[in-house]
Structures are given as C-alpha cells and as structure tokens.
Participant: 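Sharing a structure here in structure tokens format.
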Amino acid sequence: MRLLEYKGKELLNKYGVKIPRGAIVKSLEDIQTLKAMKFPLFAKSQVPFAGRAKMGLVRRVDTINDAENAARDYLGKVIQDYPIRKVLFEEGVNVAKELYISITLDRENRGYLMLASTEGGIDIEEVARKSPEKIIRLYIDDYEGLRDYMIRGVAQKLGLEGSAVQDFVTVTKAMYRVFTEYDAELVEINPLALTTDGQLMALDVKVMIDDNSLYRHSDISIEDSDYTTEELEARKYGLHYVELTGYVGIMANGAGLTMATMDLVKEFGHEPADFLDVGGGASEDSVKEGLKILLTDDRIKAVLVNIFGGITRCDEVAKGVVGALNEVKTNKPIFIRLKGTNEEEGRKILTEVGLKTYETAEEAMEALSKAITR
Amino acid sequence: MRLLEYKGKELLNKYGVKIPRGAIVKSLEDIQTLKAMKFPLFAKSQVPFAGRAKMGLVRRVDTINDAENAARDYLGKVIQDYPIRKVLFEEGVNVAKELYISITLDRENRGYLMLASTEGGIDIEEVARKSPEKIIRLYIDDYEGLRDYMIRGVAQKLGLEGSAVQDFVTVTKAMYRVFTEYDAELVEINPLALTTDGQLMALDVKVMIDDNSLYRHSDISIEDSDYTTEELEARKYGLHYVELTGYVGIMANGAGLTMATMDLVKEFGHEPADFLDVGGGASEDSVKEGLKILLTDDRIKAVLVNIFGGITRCDEVAKGVVGALNEVKTNKPIFIRLKGTNEEEGRKILTEVGLKTYETAEEAMEALSKAITR
Amino acid sequence: MGMAILVNENTKVLVQGITGREGSRHAQYMLQYGTKVVAGVTPGRGGQTVQGIPVFDTVEDALRKIPDINTSIIFVPAQFAADSVYEAIDAGIKLVVIITEHIPIHDALRFVNYSKRKGVTIIGPNCPGVVSPLRSKVGILPNHIYTRSGPVGIVSRSGTLTYEISYHLTQAGIGQSTVVGIGGDPIIGTDTLEVVKMFEEDPETRYIVVIGEIGGTMEERLAKYIGSGKITKPVVAYISGRTAPPGKRMGHAGAIVSMGMGSYESKVKAFQEVNVPVARTPTEIVKLIKQYIR
Amino acid sequence: MGMAILVNENTKVLVQGITGREGSRHAQYMLQYGTKVVAGVTPGRGGQTVQGIPVFDTVEDALRKIPDINTSIIFVPAQFAADSVYEAIDAGIKLVVIITEHIPIHDALRFVNYSKRKGVTIIGPNCPGVVSPLRSKVGILPNHIYTRSGPVGIVSRSGTLTYEISYHLTQAGIGQSTVVGIGGDPIIGTDTLEVVKMFEEDPETRYIVVIGEIGGTMEERLAKYIGSGKITKPVVAYISGRTAPPGKRMGHAGAIVSMGMGSYESKVKAFQEVNVPVARTPTEIVKLIKQYIR
C-alpha cells in the first residue's frame, strides 16, 4: 500500500532525511498550530496518487486566513473515491537543483535496486521512456546491503560535490533503512532538492509498504494508505477487489482466472468494471459479500461469475450467490459459469432460485454479451 | 567495557526482556522515588565486577529508612579502585527456577555463540569446569542470525514448556538485538528466573560493549562502565594500562612486547605491578604520561622500560622519560632498555640526565633485579 | 517408465504446520491422493498424530526419527512461515513447497536467496504446489482433476487457471507429467524458466505449457532462453491480464505492471518472436497442444 | 629464486587513506623500501598526488586507470575502515592489508566472513602488515630491520615483538622469507594456521617462527594441525602473556583469557605435545632456529 506523503516523510526524517518544516491539519481547529510557521506556506492535500498539483489539490497560502480557506476546501473532499482527511502545510524551500532517488525491489535478481537521476521533479516513468540513459541504476544485494562507497559512486555520477556527497550518503542510507526495516516495496524521494544553501531536502516522497508486513509495524496505520473505503471493506472478507472503468461486473476465484475472465470480457468487445477475486478457497460468505459489492455498483450493467471449483466448492459459491440476491434488490442480469468440485449441488441450488449456469466461461460471456447489447 | 547492571537491564528491557521493578538512586535525595515501590527491596551497589553479595554490597531493605541507610553506606564507597556512584533498588521476585543464558563472540568460527544452562545463578566458568555437559551451545552465523526454531531447540533442552518457550524466544531475540546492535562482546543473563507465576525475568545481567564502537552508541556513557579513574586517564593518551598485583613497574611499546616484559620480570623471580603499553607508535607525550602513572604508584619499587624502536623513535621516548622525571619527584630506580630507530639520539638524551640504557631487556632486568634485592 | 520432475514415487513428505486447519485437511487429501506423507511438525505438539501421521516438535526431531524425508510442505501462518522455511533448509531437506500466502516479500527474498546458497529448491510461496499425476502430489491442487499422467508439463503462476487447463487437457485425453504452480508473489523460489529447464531434461515431458500473467519479466527471460535454442520441446503459453491497467495490483502481489515492465504486450511479443504460440483464452491451450500431438 | 608468500616483486599496491597522516607517511616508507606503490584513494581527493603517487576518489577509478593493482593497504580511520574494505573486495582486489586499529569487532567479523566468501585474503585489522625482505613491504614494519631475505618465515600476533625477533635473527645472519603480522584483534582475516600453511607451501621458507600470545585458540589449532603431520618444516614458537591474569585484556583486544580458554599453559602444552619448542624469552627464538640450521 502507498503511504500518504506526510507519513513517508515522517519515517525518512526519523532516520535523518531533512524535510521542509511542516504541520499536519486534520480539522479547522488545527489551523492555529500554523501560527508558529513562516509564511507563505504550501497547502498539500494528502491524497495517495500522482498529479495532485494538476488537480488543484496543492496551493500556496500567504496568511492564516488563506490557510484556513485551503483546509476548508480540501478536507472532506473525495477524489477518486479517496476522502481527503489531512492537509500538510509546509514552508517553502529555495531550490537550486532537483534530483530523483528511489529504492525498489529487483524481482528478477531477487535483490534491491537504487535508481537515481538528475532529472528530478518529473515522473520517473517518463524519464525511463524518453531518456533512459539519464537513470543511474545500482543493484543492492540483500545480504551485503548498501555500502557507503557505492553511494559515493552514485553521488559522483549525479555531479554532487563537497558536503553534499556525505549528505547524500545520509539520505540514501536512511532510505535503505526505511526500505528494509519497514518492509517497503518502494521508497522514492522526488524531488530531492539541493537547496540554494547547499542542503539536501526531501520535497515529495512516495513510500509503498508491503501489506503483508503490517503486523510488525505498529506505527503504520492503514488509515494513512491509499486504500479506498470499498477496498478496505473487501479486504475484511479476504477479497481482492480493484475498481476498473467498464460496465461488466466480474467475480471469479483465483487471480489468474479473474484476470482471464476480464480478458474474456474484452475479447467479446466489452469493458470490465472490476477485478474481484474471491480467492482460491472462496467461502459462502466471501462470495456473498463480493457479489453484493458488484450488485450495488451503479456502473455495472451485468455480472459475470466464473468459478472453477478446485479447493472452492461450487455449492458454497451457489449459496453465497443466493445469499447476496436475498440481501440486495437488483435487476442486473447475472451469468454464472460453475464447474468443478460439487458442481451438481451448486447447480441445483442456483436452479431453485431461477439462475442458469454455464459449462464454460465463453458460453456464459456469450449469453451476457447478447443480454446487454439487446 | 563492562556496563553496570542497571544499564544492561535497561537495554534488554527496551527490546522486551522483563526485569524486576526497580529504581536507580544516585544521591540521598533520590530515595523519595522509592516510596512508590513495594517493600522489601533489594539495594544493589552498581559495581562492574562479580561477587558483590559476598563483599556486602547487596542487601535487603524493608523500609524507606533502611533504604536511605543502604544508600548512605554504599554511595561514594571505593571498591577495587571503583567508586560506587549508583545503587539499584529492586522489588523481590518469587523464583521457581534459575537459568543461565548468554551470547558471546565465537572467535574461532568468526560468529556468535549462545550458551545456556539449567545451572543458573552461579558462575558459568565454574559450571564449564565442573560439569561442561550442563552447558548447551548454539553456534550462530553472523549472516543467518538467530532463528526462532533454533531457540525453540534450546528451550526444549532447558526443559521449558508452554508459554515459557515463546517467552524464551522473546528474551533471546532481545539479547541478540542488544548483542548485534550495540556491538556487544557479551550479553549474559544470570540468573534468568522462571518465576512462580510462570514468567521469565532477568535478575542480573552482564553486558560487555566493544569500546571501539562507542562512537555509534550515543546512549552508552563510559561513566556506566568498569573503567577506573586511572584507566580512563591512561586512555586519553592512547595508553593501555592494566593494574596488576606486583611491585615492578613496567612500560613497553606494543602489547606483545609489554607482555613479554611482564613475563621476563616473572622469569627473574619478581612480580609485575602493571601492564603499560605506550603503543607501537608511542610519542613523547604518551611516554611521559605513562611513566608518571608508574612513578606516582606507591606499590612500585622499581621501573623497567623496554622499548624497541620500530615506528616508535627512541629519541621521542627518551624525551618523554626526561619529561616525566622533571614533573615527578621520585627516587625509584628506572632501568631502560632502548633499541632501534634513533637509538643513539635517545641514549644521548638519557645519559645527559644520568640515566644508563641497556642493549637487551634481559640486561636491564638483571640490573633491576640486583637493585631491588640489594 | 516416466520420471516427472520435482515429485514422484520416492517423495517422502513432511507437513510443517500439520495441526492447523489447512495443514491437517491437505495432509489428508495428499494421503488420499497416494502421496507418502510420513511426518508432521508443530512446535509443542510433538507426540500427537494427525490422520495417523506422527507429529514432532521440530524438523530435526522428525528427521532423526524418519531420516528419509526429502520434501517439506509448509502451511504455517505467514508470520511464522519464514522461520519454518529456514528450519527445513537447515535440517537438510532439499525441496520445500510453501503454500502459505501473505508472507512479507522481504522475508521471501531473504529465504529464497538463502535456499539458493544452500542448494535447496523452493516452490512458492503462495502457490498450489506440485503434482505428478498418479504418483505424488505435494500441494493443494484438487485430487479429482489430476487423474492422468502423460506428456504435458505445466508451469503456472496461477492456481485455479491451472486446474481449469489441466481439467480440459485430461478431458481431451491428454495427461500431464508434472504440474507446477510456482506462485503469484513478486519473489518466488523457482521461476518459470527454471521449471521449463527441468521439463527439458525430463524424458517423460514432451510438450510444455506455460501459464503466465502480467508483472515481472519471467516470461520475457524464458522467451530469450528459448530463443537461444536450448529448449527443444514445443512450448505453448497463455498470459492473463491483457486488460489490467498499469500500476494496479491484480490479486497476486506479483501481478503489477510498473516502469513499463511486465506488460501483456511485452510478454506476448517476446513469445511470438521465438515462435511460442500464445493462446487467447485458457481453453485454446488444449487446441494448441493437440496440434503438436497430431 | 625464492618466492616468499603474500607479497613479492609483482605486488602492486593501492593505499586507501593515502592523504591521511599515517597513509602518506607509510606510502613514502614503502616506496623507499622498494614496494611498488602505484595508486592511492581518498574520496574527494581524486586528481591530487601524494609522494608522486596518483590519488583517486574511488577504488573503481584507480583500477580503471591502473588495472594491475593486486593489493590494497588500508589506513582509513576506524569508523570508515569497514567501508573501504568492502570497496576493495568488491573491486576485485585479492589481498587487503588493514593497518587501522580500533575497528569495531562486529564490523571486522562481517567483513572477514565476506572476504572468505569472495576468496579475498585479509591481513589484519590492527596489524603491522607483511614484508618479504628486499622485495616488497605492504605494511608499517620498520624498513631498517628488514635487510636480509632468507629461510625463516615469521607469523606473529605482535608488532614490536616481531621487529625485535627479526632484528636478532638478521643480526645473527639469518634472513627471512616473509614476515606476517596478523594483528592483535579477536577477529582477524588470516590466522596463524593459515599463514603456517602458506609457509609450508612456499619453497623459500625452510623454518617457521610463530609468535603468539594469550587469548583465543589459534595456537592450539595450529598445534593440532601440526600433530596431524601436515606441516613438514620445523616450527618454533614464543608465547607472550604467561603472567597475565585471567579476564583482563592485555592491550590487544584479542589478548584475554576467558572461560578457561586461551591460557599460556594450554598453548605451551599444545605445542610441546607436537614437539614444537617454545622459547622462554623472545631472544631464545634465535637460539632455537640456529639449532635447526646447524
């Protein structure tokens, strides 16, 4: 999960990375705490995605009144399903140069990768596309770790000199500590500013933490992550839910099968509205709760359920489907492919409530396709 | 260096080891803080060596008045050159069983070694001598670290059961963290008590920290170590000084040569009063300060100086000797063996103040031997 | 007679976490399938039995009593799974199948690198395991699907999708040599290429099915290796996730396209360049294999 | 012609920490001795020269320019020394001599284990270095002592004591093949036994002098090895610290007797059991060696 900017900064700062002086505002009462700060400030909505500035979610404020107005505008606003709960107010920094620096997992080599670039402040994916030669790559072995001399090599390539070299060592070692101690998948500072008075300072950061490690990080709250309310709800039932942009609701068991089902929808010329994996060992409850998410989603015109019963038992799935239909009034058509363990029992349960089942996903999709173009 | 008990407990407790409820008293004013505690308490003088109880430096106190008396008795007392600056007052614990557990360096295998025994509460060197089969040994690789399953294996051999097994994992992992994060050479809990209500608790601990790592442990003060005032003074000048029990003062350059000089003194039937190594690259100043320690030591009857000039220059040594004699009035005889780099110049300097030099350490020692038996 | 890869008649299985719900259930299923499940481990439960299988406190204890254990399957909860893997490796077990999901990636990275240094093969984590039909199953793949041995080796990042494809192959009369679910996490013990190399060496396997998905570069690296001419057996592939948007994680922690890497297009292109046909739907795999067999 | 061990005419030395007081001074002494000191490293000082030796920012830079560097000597302050060792190892240098003292033991333990995995020989830390008289010196041993090559190989835990013994040997007309100061810390890169094995393989060395001290079990392990018959050359020894009390550290961090291990008696007993004569005083070493040569 992606942490909010301020939380990522907090972690990096704890290990020695300099950040602009700032304060978090959660409600209008907090505005008074800004009095001690040096205006103008920058009000930055704490939302977990890129392009905030373009969306008008960052602005300069010159007075306490300005700040209060900004807080009033931002707090509570819902952007991309994500409610703004916090605004970070930061003092300005005089920037001489902007760098990019990150540490990420290297899946292929089963280690870590440091990426650095003199092209800071812009989307690194764009730099990677347009001028890949501007990205410095350093492989880090999980055992050997990140040695100072390696960092000095990177600093040299970035053109850093004098005390900035040692500061860069401090910054990257702090990043490495956050990366390994907090089970991060990505620790990125972009831009890392070289200020006009020669300091290195993290102006924006992106930290992604491995969800599975949260049990050992009591200081990280899922509240400070990019999970939307729906996604958090889905997680409770062991569901993997991702919202997409189409109109065909999809539920399947297993990530591979669910993606294959999305692809099938597209193959028939339609657009999937979601990825919903009820898991390899789906239970009645998870199927019920999963289907309810789809049935209550206004964007969805029809639902395709694709179950291949291995560990999952078809009768459990059928009971879950019936359960959801009992709880949610809907007239969306549902097309169910049911195959595998306890297939007969499952089909019987569904037939009783008037639902037809199909032998293959293709057959179910064909029927769905006819229904919504009709 | 060895940390005081309370400081070692503090470190272990930080990582999850349970310790008896206690408070540190540095002066009589601190006694009032004990009011919140449950009497009887145990007053434990914070001295960095074994056998406190036998020396009468630990006692039970039943009231605040008792406690104050204990503090008055202990604080400021000097034992084995070590002034008592702190007294630890601890609540009592009901002990069902006492275990021994430690982590230490394994020089031979370049790793770490965990030692455990059901024979807790007594000197482990004694256990090692008398019943070595009662010591459980676990080798720990510095990279692989200490795994839970290994600890469970040790717990099994110690006869621990139920929740005590998981508690034992917690204790040993905390010890391992202190050992690696604080550059320890030894982390020992003895006894580790299994209390009558089934808890594991560290009753006494011994933590030895690598002096050379102190620069990276800002929370460890040399005040909380076993250095005596003399030793701390010697450290300032880059000298290695160890007090021994004899009467022949020894100063040499290099640890090996200094030990060889001690051995030579013994070979001639005398007893060395100290080990004083002025270092492989001794300077005028370190020689002067080193010699001053010996000249002002009342136990010492005569001084043997054994210098082989390699990096060390004999003329620097000679100047240091003369400097010490100028500052300290003494009639102790000094026997100087001077050989190697700038030998001539050195001899000249010493001859000028009436000091003879010898070609070999044996010759110098022979002369010394005659002088003090005369 | 065929040989299959990874597991066969000589596989003697230890179940770590055998007293848990999943562990005990699948120990039973494996026994029913014919797998030689000879021991289980749960700390503090030594001396008990589960489905008639003796339970030990430690792997060391189990091996002392039953020295011919050569394979371990891990059902231990995620928080304790890494420790169980180290215990198995250090005890000398040479094949460790990790079913447990939700193991932190950093843990997996460390124990996978450790296993490589120690010459131990890890399958998973977060995988359905391995089955060599009619001989042995070390995993949670449904017994009733795997009823026919034969010439097709399958390596897959997906569980259910594999069952589905196996099912259709078997329905079409085509048996499998070994089916390997390598797991859906970003860091896994054995990757697609490594399994394909094993199939290349296996006399029983004559055709290879690769079930991939978006994310990572495993499929691209396999394609490159095939391009070097070192794989002589026909390979066919299916890749799921064509319609997944970049930057989003699709159920599997490993199924994410980032920094322009691991996209559907890149994988399909890589396969097509080395003449590996890529099925548009899972069932099309069966048709592609049939063309080779004919 | 003799070969000596570790350093010889082909030794091309990099000095890490060359711009420091000790680094520059001993670079000069080494040059004066005839050692091929070809480069230095100090971060941020690339482009300068010290005693005419070019200085680089990184070891990688130095090796790029002067690829035949095969040995590094480290004078970097203790806090940064470990990093320099890794830099040298990772750059591919196969012999690293660490003069720096006061390096934390845990740092040394890690880099020594790392060097072993990478096939790199470390001498030290906290050591005087290595000299093969009249050919090359990589260390801080005084030049004027090492004026005669010959049949005696010396391995020692002590600096000054070694100079003294070398001096007396040379005075007596007995030259040395190589003199190795292995350092006085508890964890060192190369121990007595490893050096003795090198001497055994070296055609030039005909007699071996071991200068040990209390603490650790290096001498005992050497004696055991000698007992197994694998060392055919005569070995004589001196051990300092006979009168040191247990539990006290004698100057060298490694010179401490604890848990009954590493005492003077135990070392002498071990040597005597395998017929290695132990000198009572340093100068007696010369007499013992003379008996063999006669």
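Residue numbers start from 1 in every chain, and the chains themselves are labelled A, B, ... in the order their sequence lines are given, proteins ahead of strands. Keep in mind that this is a model prediction, so the values were computed, not measured.
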Participant: Only pairs of heavy atoms separated by less than 4.5 Å count here; which of A/S213, A/G246, A/A260 has the most with chain C?
Facilitator: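 That would be A/A260.
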
Participant: Against chain C, work out which of A/L214, A/D210, A/L115 has the most heavy-atom pairs shorter than 4.5 Å and name it.
Facilitator: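 Most heavy-atom pairs under 4.5 Å with chain C: A/D210.
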
Participant: NZ of C/K116: more than 12 outside heavy atoms within 6.0 angstrom?
Facilitator: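 Yes, enclosed.
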
Participant: Can you say whether C/I140 sits under 4.5 Å from chain A via the side chain, the backbone, both, or neither, judging by heavy atoms?
Facilitator: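 It is both, since atoms from each part get that close.
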
Participant: Most heavy-atom pairs under 4.5 angstrom with chain A, which of C/M218, C/R221, C/R249?
Facilitator: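 It is C/R221.
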
Participant: What part of C/Y238 gets within 4.5 angstrom of chain A, counting heavy atoms only: side chain, backbone, both, or neither?
Facilitator: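 The side chain, not the backbone.
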
Participant: Atom CZ in C/R110, atom OG1 in A/T180: separation rounded to 0.5 Å?
Facilitator: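 Reported to 0.5 Å precision, the distance equals 7.0 Å.
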
Participant: For the interface with chain C, which of A/L264, A/N253, A/D277 has the highest count of heavy-atom pairs at distances below 4.5 Å?
Facilitator: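 Maximum pair count with chain C is reached by A/N253.
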
Participant: Specify which of A/E267, A/E108, A/R110, A/R129 makes the most heavy-atom pairs with chain C at under 4.5 Å.
Facilitator: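 The option with the most such pairs is A/R110.
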
Participant: Any chance you could measure C/L109, atom CG, to A/L105, atom CG, to the nearest 0.5 Å?
Facilitator: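 With rounding to 0.5 Å, CG (C/L109) is 6.5 Å from CG (A/L105).
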
Participant: Do side-chain atoms of A/D263 reach the backbone of C/S240 as a donor and acceptor pair under 3.5 angstrom?
Facilitator: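 Answer holds: no.
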
Participant: Quiz question: by atom type and distance under 3.5 Å, do the side chains of A/E362 and C/T283 form a donor-acceptor pair?
Facilitator: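 Short answer, yes.
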
Participant: By salt bridge (Lys or Arg N to Asp or Glu O under 4.0 Å), which residues pair with A/R137, not counting sequence neighbours?
Facilitator: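 Expected list: none.
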
Participant: Could you check C/L161, C/I145, C/T162 and say which one makes a side-chain contact (heavy atoms from CB on, under 4.5 Å) with A/F308?
Facilitator: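 Exactly one pass, corresponding to C/I145.
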
Participant: If every non-hydrogen atom of C/T243 is compared with every non-hydrogen atom of A/P272, which pair is closest and at what distance?
Facilitator: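 For C/T243 versus A/P272, the nearest heavy atoms are OG1-CG, 4.4 Å.
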
Participant: Under a 4.5 Å cutoff for heavy-atom pairs, which residue among A/Y143, A/F179, A/Y241 has the most contacts with chain C?
Facilitator: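 Top option by heavy-atom pairs under 4.5 Å: A/F179.
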
Participant: Which atoms of C/R242 come close to chain A, meaning under 4.5 Å heavy atom to heavy atom: side chain ones, backbone ones, both, or neither?
Facilitator: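 For C/R242, the contact with chain A is made by backbone and side chain together.
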
Participant: If I take atom CG from residue A/N212 and atom CD1 from residue C/I105, how far apart are they, to the nearest 0.5 angstrom?
Facilitator: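 Spacing of CG (A/N212) from CD1 (C/I105) equals 7.5 Å.
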
Participant: For C/P104 and A/R216, which heavy atoms make the closest approach, and how far apart are they?
Facilitator: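 For C/P104 versus A/R216, the nearest heavy atoms are CB-NH2, 3.2 Å.
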
Participant: For each of A/A252, A/G111, A/A255, tally heavy-atom pairs with chain C at distances under 4.5 Å, and name the one with the top tally.
Facilitator: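 So the answer, after comparing A/A252, A/G111, A/A255, is A/A255.
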
Participant: Do A/K339 and C/Y167 have side chains that get closer than 4.5 Å, going by heavy atoms?
Facilitator: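 Contact flag for A/K339/C/Y167 side chains = yes.
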
Participant: Got more than 12 heavy atoms from elsewhere within 6.0 Å of NZ, A/K266?
Facilitator: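 Check fails, neighbour count at 12 or below.
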
Participant: Given the options C/I214, C/T217, C/I239, which has more heavy-atom pairs under 4.5 Å with chain A than any of the others?
Facilitator: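 Among the listed options, the one with the most contacts to chain A is C/T217.
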
Participant: Output the distance between atom CG (C/N113) and atom CG (A/D141), rounded to the nearest 0.5 Å.
Facilitator: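 Separation between the atoms: 6.5 Å.
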
Participant: Determine, stepwise, if the pair A/Y112 / C/H106 fulfils ring-ring contact (aromatic ring centres under 6.0 Å, His included).
Facilitator: CA-CA 10 Å; A/Y112 318 130; C/H106 284 256; 5.7 Å; yes

Participant: Under 4.5 Å heavy-atom distance to chain A, tell me which part of C/P282 shows up: side chain, backbone, both or neither.
Facilitator: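 The answer is the side chain of C/P282.
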
Participant: Any chance the side chains of A/T341 and C/H144 put a donor and an acceptor closer than 3.5 Å?
Facilitator: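 Yes.
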
Participant: Could you have a look at C/S158, C/S156, C/A108 and say which one has the most heavy-atom pairs with chain A under 4.5 angstrom?
Facilitator: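 The candidate making the most pairs under 4.5 Å is C/S158.
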
Participant: Under the criterion side-chain contact (heavy atoms from CB on, under 4.5 Å), I'd like the reasoning laid out for A/T258 against C/M250: C-alpha separation, chi angles, the key distance, then a yes or no.
Facilitator: CA-CA 9 Å; A/T258 311; C/M250 293 288 129; over 6 Å; no

